[in-house]
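What you are looking at is a predicted structure, and each value in this text was computed from that prediction instead of being measured. Below, chain A is the first sequence line, B the second, and so on; all start at residue 1.
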2 protein chains.
Amino acid sequence: MPPARANDHSGADVFTDMSCLHLPLGLPLEEIPELHDAETFTLLRKDEVLFEQGTPFAGLFLVRSGSLKQVSTIHGGDPLVMAYAMPGDLVGLDAIGQNVYPGTALALETLTVSVLSQERVSELGAQVPELRQQLCRNLSQEVHDERLMLRSLLHRTAVGRLAYFFVAMSMRFRRRGYSPTQFRLALSRSDIASYLGLTVETVSRTLAHFHKQELLKASGRDFHILDLDGLIRLAESSGRRGGR
Amino acid sequence: MPPARANDHSGADVFTDMSCLHLPLGLPLEEIPELHDAETFTLLRKDEVLFEQGTPFAGLFLVRSGSLKQVSTIHGGDPLVMAYAMPGDLVGLDAIGQNVYPGTALALETLTVSVLSQERVSELGAQVPELRQQLCRNLSQEVHDERLMLRSLLHRTAVGRLAYFFVAMSMRFRRRGYSPTQFRLALSRSDIASYLGLTVETVSRTLAHFHKQELLKASGRDFHILDLDGLIRLAESSGRRGGR
DNA sequence: AATCGGCCATGACAGCTATCAACTTACGGG
DNA sequence: CCCGTAAGTTGATAGCTGTCATGGCCGATT
């Protein structure tokens, strides 16, 4: 655990580790100068939307502080929590397919982002062609990781899903230079449940179970991982469906 | 609510949108001449592998006849069926992230593919820069669709998952110009189960259920959809997890 | 300070599905 | 033609988890 600090842009090739379980579309492309010295900061308060599902692509956003969730609604059904973005994550990349944002980005708390407008993105893409390629690669990589994660979640029980979730979160925080064992998630239980395909009650019960097993202590939205290896073990083995 | 329009992706129903649920990485990019007059055909018999998980990217493959499945193994766990490719599908695109094939491609029956070697791909990418972009877009699109599908599958019961599966298959066949109500899948029940995160028994029972309801008749690997609308209704509503 | 409402936890119960097991069917080889 | 193995089906059972209902906790508003 590198004793990194809050606004850590060190971006030193973080991707050497297969970036397993990289939930949102976060990229280590913070070397883009435009993202740093930009006075193009935006501030949002809780529950304010950064962009809405279905609106045309307007730009990318780098989370500076706070966090947001991305939710997609199918068909007027329930909105599904698709991703959680924390400081350092780049948001909006998944709009490149349709030139439309596939989900609504909603601030979970006071949030500041720096904006990379569409024009700026195009410019950059033209100026530095390898950037586009790099972006594409990273997107592809992330998205593939997530696909794998989702497929294995399909085969896992609630215990396995939540273990997987916290292991993933732990890795993300570690990568960002924060403590991998103690962190705060702005997501509600309900958000977590939606994200994992469970119900609030099951999430609650499973957290209580983890607590009893001395694996993870949750109080409100603060989490303290006591036995990461135990969680990893659960995440890997605790699937019950379609074993073989 | 914004006047949802072409932004369907979200709003509009997932099924009318053609590209949704496009299980494998199939692209309509058959305009590439190299793919047509290529004498670079390869023939594989059942159970032979086209490429193995973890091997470096060597090229793309266009399925000409037969079909294959792509399976990924995590951690020495059970192999998961990730995708099913039928004639017209382009396979191997998901290797661009890591330059490594993320899964093993296995022929489900006698299979012919035309090969687009890595060099050829690079050449083409250089010659026609918009091709690369197009490819990237399509990949992104597909992968996002699949992400949405997987997330909603997480919230669905066996009935919902299988209904979803067959509706998706129906769409794919329709897109390819085949009958959307009668088709043959080379996938075994076990493959389908793995693909959907269920067990063989549940798949079997659910198919029997569909049969009784006059929704879908399955005999062996031949499927005959009797009530597509009914299946769509099930696919959309038959989720039980995390309602709100 | 009191109240209201959202979030969270917990219990009871029912429904769904994995598991185990037995059986049938399909298919390929001797 | 018979048999052996794999694939598919069906049944019984147990376990997990969704649903419904209750109560506590906390923050926000009055």
Side-chain angles (χ1 to χ4, degrees), chain A residues 45-47 69 77-78 81 106 108-110 152-163 165 184-213 216-223 234 237-244, chain B residues 45-47 69 77-78 81 108-110 152-163 165 184-212 216-223 234 237-244:
Chain A
R45 300 187 177 281
K46 186 180 176 185
D47 292 330
K69 66 176 173 181
D78 328 298
V81 178
L106 200 66
L108 289 166
E109 54 194 322
T110 301
S152 43
L153 284 190
L154 269 184
H155 292 265
R156 289 183 151 76
T157 65
V159 169
R161 293 185 193 188
L162 272 161
F165 175 76
R184 187 176 182 289
L185 296 179
L187 293 168
S188 71
R189 299 285 187 273
S190 172
D191 290 329
I192 297 176
S194 167
Y195 186 80
L196 295 175
L198 300 168
T199 59
V200 191
E201 293 92 332
T202 302
V203 169
S204 211
R205 269 188 268 268
T206 307
L207 285 177
H209 174 70
F210 283 168
H211 191 118
K212 260 183 242 151
Q213 307 286 357
L216 166 67
K217 210 181 66 173
S219 88
R221 298 183 181 183
D222 293 308
F223 298 91
L234 277 184
S237 68
S238 186
R240 74 165 191 291
R241 298 163 191 268
R244 180 121 316 228
Chain B
R45 299 184 178 283
K46 186 181 174 184
D47 292 331
K69 66 176 174 181
D78 326 298
V81 177
L108 288 167
E109 53 194 322
T110 302
S152 42
L153 283 191
L154 268 185
H155 292 264
R156 288 183 154 75
T157 65
V159 168
R161 294 186 191 186
L162 272 161
F165 175 76
R184 189 177 182 288
L185 296 179
L187 293 167
S188 71
R189 297 287 189 273
S190 172
D191 290 330
I192 296 175
S194 168
Y195 186 80
L196 295 174
L198 300 168
T199 60
V200 190
E201 294 93 329
T202 301
V203 169
S204 208
R205 269 187 266 268
T206 306
L207 285 177
H209 175 69
F210 283 168
H211 191 119
K212 260 182 246 156
L216 165 67
K217 210 180 68 174
S219 88
R221 298 183 182 183
D222 293 307
F223 298 90
L234 278 183
S237 68
S238 185
R240 75 167 190 288
R241 298 162 190 270
R244 187 141 303 236

Does any part of the side chain of [Y], heavy atoms only, come nearer than 4.5 Å to the side chain of [X], both counted from C-beta?
X        : Y        : answer
A:Thr202 : A:Thr199 : yes
B:Arg161 : A:Leu154 : yes
B:Phe165 : B:Leu198 : no
A:Ile192 : A:Leu162 : yes

message = Using only atom types and a distance under 3.5 Å, with no angle test, would you say the side chain of A:Arg189 pairs donor to acceptor with the backbone of A:Gly220?
response = yes
query = So, does A:Arg184 use its side chain to make a donor-acceptor pair with the main chain of A:Arg221 at under 3.5 Å?
reply = no
ask   = So which nucleotide from C:dC7, D:dC16, C:dT17 ends up closest to the side chain of A:Thr157?
value = D:dC16
Can you tell me how far [atom2] of [N] sits from [atom1] of [X], to the nearest Å?
X        : N      : atom1 : atom2 : answer
B:Leu185 : D:dA7  : CG    : C1'   : 16 Å
B:Ile192 : C:dT17 : CD1   : C1'   : 17 Å
A:His155 : D:dC16 : NE2   : P     : 19 Å
A:Leu198 : C:dC16 : CG    : P     : 18 Å
B:Leu196 : C:dA18 : CG    : C1'   : 16 Å
A:Lys46  : C:dC7  : NZ    : C1'   : 10 Å
A:Asp78  : D:dT19 : CG    : P     : 10 Å

note = Axis-to-axis angle for the helix from C:dA1-D:dT30 to C:dG30-D:dC1, ends of five pairs each, to 10°, equals 30°
inquiry  = Which residues pass the side chain to side chain contact (heavy atoms under 4.5 Å, CB included) test with A:Ser152, not counting sequence neighbours?
reply    = A:Arg156, A:Tyr164, B:Ile74, B:Leu80
query = Any side-chain donor-acceptor pair under 3.5 Å between A:Asp191 and A:Ser194?
reply = no
query = Is there a side-chain polar atom (N or O) of B:Arg221 under 4.0 Å from OP1 or OP2 of D:dG8?
reply = yes
key: Per-nucleotide protein contact string for nucleotides 9-14 of chain C (B base, S sugar-phosphate only, - none; heavy atom under 4.0 Å)   = BBBB--
